[in-house]
Amino acid sequence: MLVTKHRLAASTPYATPYYMVRAARPGPVMMITAGIHGNETASMTAAQKLVNDCDTESDYIRRGLLIVVPRVNQQAYSRKIRGKPDMNRTFPRKKSGKATHPLASALFKLALKHHPDWWLDLHEANGLSQLSRNVLGQTLITNPGSSAIPACRRAIQRINRTIPRRDLHFNLKQHELPGSARTAANLVLQARSVTVETCWSLKRSDRIQYQSEMLHHFLKEARMI
Ligand SMILES: [Zn+2]
């Protein structure tokens with residue numbers, strides 16, 4: 001397994017590192033992004049931690065190619081803001097459409113080059129989905145009818161078994177969000193794209209743990225570990 005570091009949008013003010021993790025054996029391609037919103041920091045830490053684990057444990061990924069962008073919007077992150085405009089509305093809205101943000105454009109070009117089978121986009125949100133259907137904290141989100149739904153249901157079952165408090169359990173939501181990385185990946189790349197949302201009023205260490213566990217479950221689903 002080989003971990004290499006690269007730069008996305010290298011010649012722009014949005015330059016940000018990304019990592020390619022190549023397993024010894026061929027297999028699926030999975031893209032993992034965090035920090036499309038600059039204030040959702042537990043997801044960024046979890047993505048970076050996965051890269052570090054791959055670096056220290058040489059057989060962590062057994063098959064395929066992992067592409068991780070742990071902190072997409074560095075400018076928003078440095079100010080701990082969501083980012084303006086909201087980058088997660090600037091990805092292609094049609095098959096022939098183009099991204100309207102330089103960073104979204106660079107990220108989507110990277111994806112088009114490698115044709116990910118999976119795209120996990122890590123976020124954080126308000127509220128607990130067990131307590132209100134109007135909030136997104138502790139959810140997985142796919143597009144309606146996505147081929148990722150069975151894997152999401154299994155990942156949720158597995159993680160919920162480890163969470164004693166029922167109000168912190170995860171739920172699945174199916175929602176089309178035009179201009180989001182998830183919906184663009186579904187529409188243009190036909191990738192199994194999933195948004196992971198932890199609740200950011202929880203303890204930071206717990207949020208990192210939930211994000212990391214979800215990554216682990218999906219790597220298993222993709223048979224990459
Ligand atoms: Zn977000």
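We count ligands from 1, going down the list as the structure has it; atoms in each ligand are counted the same way.
Side-chain contacts under 4.5 Å among hydrophobic residues (ILVMFWY), followed directly or transitively, place Tyr77 together with Met44.
Contact check on Glu197 versus Lys173 returns no salt bridge, with no Lys/Arg side-chain nitrogen under 4.0 Å from an Asp/Glu carboxylate oxygen.
Around atom CZ of Arg153, no more than 12 heavy atoms belonging to other residues, nucleotides or ligands sit under 6.0 Å away.
Residues satisfying the side chain to side chain donor-acceptor pair (under 3.5 Å) test with Arg158, not counting sequence neighbours, are Glu221.
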Under 3.5 Å, which donor-acceptor pairs do the side chains of residues 104-120 form with other protein atoms, sequence neighbours left out?
from   : atom 1 : to     : atom 2 : distance (Å)
His115 : NE2    : Leu112 : O      : 3.2
Asp117 : OD2    : Val29  : N      : 2.7
Trp119 : NE1    : Thr33  : OG1    : 2.9

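Protein atoms of type N/O/S that fall under 2.8 Å from the Zn ion (ligand 1) number 4 in this view.
In this structure, the ring of His101 has its center no less than 6.0 angstrom from the ring center of Phe91.
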